[in-house]
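To keep things clear, I will list the structure first and then write my remarks on it.
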Amino acid sequence: VQLQASGGGLVQAGGSLRLSCGVSGATVSRSNMAWFRQAPGKEREFVAAIRYSGSTHYGEFVKGRFTISRDNAKNTVHLQMDSLKSEDTAVYYCAADTDKSTILSAIRTSTGYDYWGLGTLVTVSS
């Protein structure tokens, strides 16, 4: 399974970015997919997930600003990020879990995912 994240860049506070994660070797509609992020000097943090069932889950800090979705035809997962803040600056990683039996609580933890992309840098200037 290979994951390719893209869409990062430099944006001003209050702006928007859309991240994409292209997947090969797995089917997004039959996998649990997630975005995590890691800022310099901080631990990796759960951002959002979309389960194989289509249910979505978000980190508490998101507060309605981000939306995770998937395009089954293109086998791609997106993260639409609006109202960006300087504290959203981080490397964003796409992750996949092909085990449908993974319990709900595990989807918010990095250990719940077997496959990871290389990450894409998001920098929000204030």
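FYI, the numbering just counts along the sequence from 1. None of these values were measured; they are calculated from a predicted model.
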Query raised in the report: Any side-chain donor-acceptor pair under 3.5 Å between R37 and Y92?
Result: yes
Query raised in the report: Do we see a donor-acceptor contact under 3.5 Å between the side chains of S55 and H57?
Result: yes
In terms of hydrophobic clustering (I, L, V, M, F, W, Y; side-chain heavy atoms under 4.5 Å; direct or indirect links), are [X] and [Y] co-clustered?
| X | Y | answer |
| --- | --- | --- |
| V47 | I107 | no |
| V122 | L79 | yes |
| Y58 | M33 | yes |
| W35 | Y115 | yes |
| F46 | M81 | no |

Compare every heavy atom of [Y] with every heavy atom of [X], then report the nearest pair and how far apart it is.
| X | Y | answer |
| --- | --- | --- |
| A5 | T120 | CB-CG2, 4.2 Å |
| L3 | C21 | CB-SG, 4.0 Å |
| S126 | S86 | CB-CB, 4.2 Å |

Between [atom1] of [X] and [atom2] of [Y], what distance do you get to the nearest 0.5 Å?
| X | Y | atom1 | atom2 | value |
| --- | --- | --- | --- | --- |
| S24 | Q4 | OG | CD | 9.0 Å |
| C94 | Q2 | SG | CD | 12.5 Å |
| H78 | R70 | NE2 | CZ | 12.0 Å |
| I50 | S29 | CD1 | OG | 10.0 Å |
| Q80 | S69 | CD | OG | 8.0 Å |

Query - N75 side-chain N/O to A26 backbone N/O, donor-acceptor pair under 3.5 Å - result: yes
Query - Short side-chain to backbone donor-acceptor contact, T89 and V124, under 3.5 Å - result: yes
Counting C-beta onward and ignoring hydrogens, is there a side-chain heavy-atom pair between [X] and [Y] closer than 4.5 Å?
| X | Y | answer |
| --- | --- | --- |
| V1 | D114 | no |
| Y52 | T98 | no |
| V77 | I68 | yes |
| R44 | W116 | yes |
| D88 | R65 | yes |
| L84 | F66 | yes |
| S16 | D82 | yes |

Requested in this report: Dump the intermediate steps for side-chain contact (heavy atoms from CB on, under 4.5 Å) on T102 and R51, then the final yes or no.
Outcome: CA-CA 10 Å; T102 298; R51 299 189 77 202; 5.6 Å; no
Query - Sequence-distant partners of V91, side-chain contact (heavy atoms from CB on, under 4.5 Å), two or more places apart - result: Y93, L121
Requested in this report: For L10, look at atom CG and say whether over 12 heavy atoms of other residues, nucleotides or ligands are found less than 6.0 Å away.
Outcome: yes
Requested in this report: Taking atom CD of E87 as the centre, report whether more than 12 heavy atoms of other residues, nucleotides or ligands fall under 6.0 Å from it.
Outcome: yes
**Report entry** With S101, the side chain to side chain contact (heavy atoms under 4.5 Å, CB included) member among D97, D99, I103
**Finding:** D99
